[in-house]
Amino acid sequence: MELNEMEKRMLYQTEGSERYALMHELLMASRYAKDPDRRRAAESLMEKMRPLTDGKCMEVVHDIRRNYRLPKEGRTMGELLAEARQRSGAEQLKGHDIMALERFDPEVRHMVVFEVLSEESFDGEKGDRVRLFLTDAGYEKFQCRQKNGEIKMQEHTKVTPDGHLYHDQSRDRGYAR
């Protein structure tokens, strides 16, 4: 796939770990970017990504995130964050982004990171690591799914009504880090 410099730069900054999240980011950029060149680049990228399968789309994105280098001058905050993410080598989880709107829902009380163990899971494919923000009712369902062997919790963090994360070590003993 042939991408111009602006398109590579946009893909480099995206945070989505799945095709639908990536396409949503591009859609928002095409609607709300103040720079008309940036809007056109987002629209062009969406046209190029639409016919691709989920796997091929994310393969292109991961290649850009690994190998693209920004020009030294004129970096935006988004580009600086993307560069730091690239340097850290941190694994990008599927599911909710760490700053997802779900986190700030006043009903949400739990953030969980887990591994998908079952082929039939709606959270992802076997072996995927996923982050979700859950209400108390959602967390109870989550615990049942863990008992049934569909998933394995790796981290649990409490979420305050204003979205702050509070790690309760006494409840998490025994979970892998």
Shortest non-hydrogen contact between [X] and [Y], atoms and distance:
| X | Y | value |
| --- | --- | --- |
| G95 | E18 | N-OE2, 4.2 Å |
| D162 | F104 | O-CD2, 3.6 Å |
| A42 | S30 | CB-N, 3.7 Å |
| V116 | I151 | CA-CG2, 4.4 Å |
| I64 | Y12 | CG2-N, 3.7 Å |

**Steps toward side-chain contact (heavy atoms from CB on, under 4.5 Å) verdict (M111, H156)** = CA-CA 6 Å; M111 180 190 80; H156 173 256; over 6 Å; no
Are the side chains of [Y] and [X] in contact, using a 4.5 Å heavy-atom criterion?
| X | Y | answer |
| --- | --- | --- |
| R131 | E155 | no |
| L165 | F133 | yes |
| R39 | P36 | yes |
| L3 | M1 | yes |
| R129 | K94 | no |
| R109 | V159 | no |
| M46 | L27 | yes |

I'd like to know if the side chain of [X] and the backbone of [Y] have a donor-acceptor N/O pair within less than 3.5 Å.
| X | Y | answer |
| --- | --- | --- |
| D105 | E102 | no |
| R38 | A33 | no |
| R103 | G163 | yes |
| E150 | L117 | no |
| D63 | E59 | no |

Working to the nearest 0.5 Å, report the span between [atom1] of [X] and [atom2] of [Y].
| X | Y | atom1 | atom2 | answer |
| --- | --- | --- | --- | --- |
| C57 | M23 | SG | CE | 6.5 Å |
| E107 | L134 | CD | CG | 13.0 Å |
| D136 | K141 | CG | NZ | 12.5 Å |
| E125 | S118 | CD | OG | 12.0 Å |
| R19 | D54 | CZ | CG | 5.5 Å |
| H62 | M58 | NE2 | CE | 4.0 Å |

**Asked** Considering the options R65, M49, E25, M6, which one meets the side chain to side chain contact (heavy atoms under 4.5 Å, CB included) requirement together with L11?
**Response** M49
**Message:** With side-chain contact (heavy atoms from CB on, under 4.5 Å) as the criterion, how do F114 and Q146 come out once you've worked through the C-alpha distance, each side chain's angles and the decisive distance to 0.1 Å?
**Reply:** CA-CA 9 Å; F114 60 94; Q146 180 168 292; 6.0 Å; no
**Message:** Between Y32 and M10, is there shared hydrophobic-cluster membership here, with clusters defined by ILVMFWY side-chain heavy atoms closer than 4.5 Å?
**Reply:** yes
**Request:** Output, in order, the C-alpha distance, side-chain angles, deciding distance and verdict of salt bridge (Lys or Arg N to Asp or Glu O under 4.0 Å) for K48 and E7.
**Result:** CA-CA 10 Å; K48 291 177 181 178; E7 292 169 338; 2.7 Å; yes
**Asked** What is the ring orientation for H110 with Y139, classed by angle as parallel under 30°, tilted 30 to 60°, or perpendicular over 60°?
**Response** parallel
**Request:** For R40, check side-chain hydrogen bond (donor to acceptor under 3.5 Å, both in side chains) against everything at least two apart and list the hits.
**Result:** D37
**Prompt:** Do E5 and Y68 get their side chains close enough for a donor-acceptor pair, meaning under 3.5 Å?
**Reply:** yes
